[in-house]
Amino acid sequence: MTEPMRAFRERVLALVARIPEGRVMTYGQLATLAGGPGNARQVGFILNGLAQTDLPWQRVINAQGRISTYGVGFGELQRGLLEREGVHFDDAGRVDLARVQWWPEEDGAGQQGHLGL
DNA sequence: GGTCTGACCAGGG
DNA sequence: ACCCTGGCCAGAC
């Protein structure tokens, strides 16, 4: 693995670790914030195998608000974990990103209107 | 090198 | 809302 890619991976994991309970981030969003816009697919690859770590991997979904892990057998688990955190899925199996997507900037001062406004 | 694949994404029909 | 397409780029052969 190349050095730049290793650094990218570390930044992605660091971001995932900061996602608050009940909130989510998308693959593309993580890629961009980690300094690799366009590397959304790599983020999925990086997260593969993280299901047994203490990182909140379940809080990463795709840009359409859908679970992307059914294909690798973690779909039901991921959805269950998120629902247990209070994330709501609609009839189409999607979450309302406008409400639950998390951006690091929210840490210090709330900016995004996720508080149901 | 070449080629295929993927826990993706945005756009178009 | 759906499906398809092209673009994307690191890994694995």
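Below, all heavy atoms of this structure are taken into account, side chains as well, without hydrogens, waters or symmetry copies.
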Novice: Listed in order of residue number, which residues of residues 79-90 of chain A have a non-hydrogen atom at under 4.0 Å from DNA chain B?
Specialist: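 Going residue by residue through residues 79-90 of chain A, none turns out to have a heavy atom under 4.0 Å of DNA chain B.
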
Novice: Given 3.5 Å as the limit, does a donor-acceptor pair link the side chain of T69(A) with the main chain of G75(A), or not?
Specialist: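 Indeed, once roles are kept as given, a pair shorter than 3.5 Å links the two residues.
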
Novice: In whole angstrom, give the distance that lies between atom CG of L97(A) and atom C1' of dC8(B).
Specialist: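 That distance rounds to 14 Å.
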
Novice: Are the side chain of N39(A) and the backbone of Q42(A) linked by a donor-acceptor contact shorter than 3.5 Å?
Specialist: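 Such a contact is absent between N39(A) side chain and Q42(A) backbone.
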
Novice: Requiring both pairing distances under 3.5 angstrom, list the stems that contain DNA chain B and are made of three or more consecutive Watson-Crick or G-U pairs.
Specialist: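 Looking at DNA chain B, the stems formed by three or more consecutive pairs are B:2-6 with C:9-13, B:8-13 with C:2-7.
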
Novice: Between R6(A) and E3(A), is there a side-chain N and carboxylate O pair less than 4.0 Å apart?
Specialist: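 Yes, R6(A) and E3(A) are salt-bridged.
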
Novice: Applying side-chain contact (heavy atoms from CB on, under 4.5 Å) between V43(A) and each of N48(A), L15(A), T32(A), L30(A), report the one that passes.
Specialist: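 Testing each of N48(A), L15(A), T32(A), L30(A) against V43(A), the sole residue satisfying side-chain contact (heavy atoms from CB on, under 4.5 Å) is L30(A).
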
Novice: Taking a hydrophobic cluster as the set of Ile, Leu, Val, Met, Phe, Trp and Tyr residues connected by side-chain heavy atoms closer than 4.5 Å, whether directly or through intermediates, do L33(A) and I19(A) fall within one such cluster?
Specialist: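 Same hydrophobic cluster.
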
Novice: For nucleotides 9-13 of chain B, list the nitrogen or oxygen atoms of the protein found under 3.5 Å from its nitrogen or oxygen atoms, one pair per line.
Specialist:
unit_1	atom_1	unit_2	atom_2	d
dC9(B)	OP1	G28(A)	N	2.8
dC9(B)	OP2	A63(A)	N	2.7

Novice: I'd like to compare against my own output: the B/S/- annotation of nucleotides 6-13 of chain C with a strict under-4.0 Å heavy-atom distance to protein.
Specialist: -BBBSS--

Novice: Which residues, if any, of residues 12-20 of chain A bring a heavy atom under 4.0 Å of DNA chain C?
Specialist: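 None, since no heavy atom is under 4.0 Å.
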
Novice: Determine the contact category for R9(A): base if any of its heavy atoms lies under 4.0 Å from a base atom, sugar-phosphate if only primed atoms, P, OP1 or OP2 are that close, otherwise nothing.
Specialist: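 Answer is nothing: R9(A) stays at 4.0 Å or more from every strand.
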
Novice: Is there a side-chain contact between V87(A) and E83(A) in this structure, where contact means two heavy atoms from C-beta onward sitting under 4.5 Å apart?
Specialist: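 No - every pair of side-chain heavy atoms lies 4.5 Å or more apart.
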
Novice: Quick one: are L47(A) and L55(A) in side-chain contact, heavy atoms under 4.5 Å?
Specialist: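 Answer no - side chains too far apart.
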
Novice: Please, which pairs that meet salt bridge (charged side-chain N to carboxylate O under 4.0 Å, His left out) have at least one residue in residues 52-64 of chain A, sequence neighbours excluded?
Specialist: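 Every pair satisfying salt bridge (charged side-chain N to carboxylate O under 4.0 Å, His left out) with a residue in residues 52-64 of chain A: R59(A)-E85(A).
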
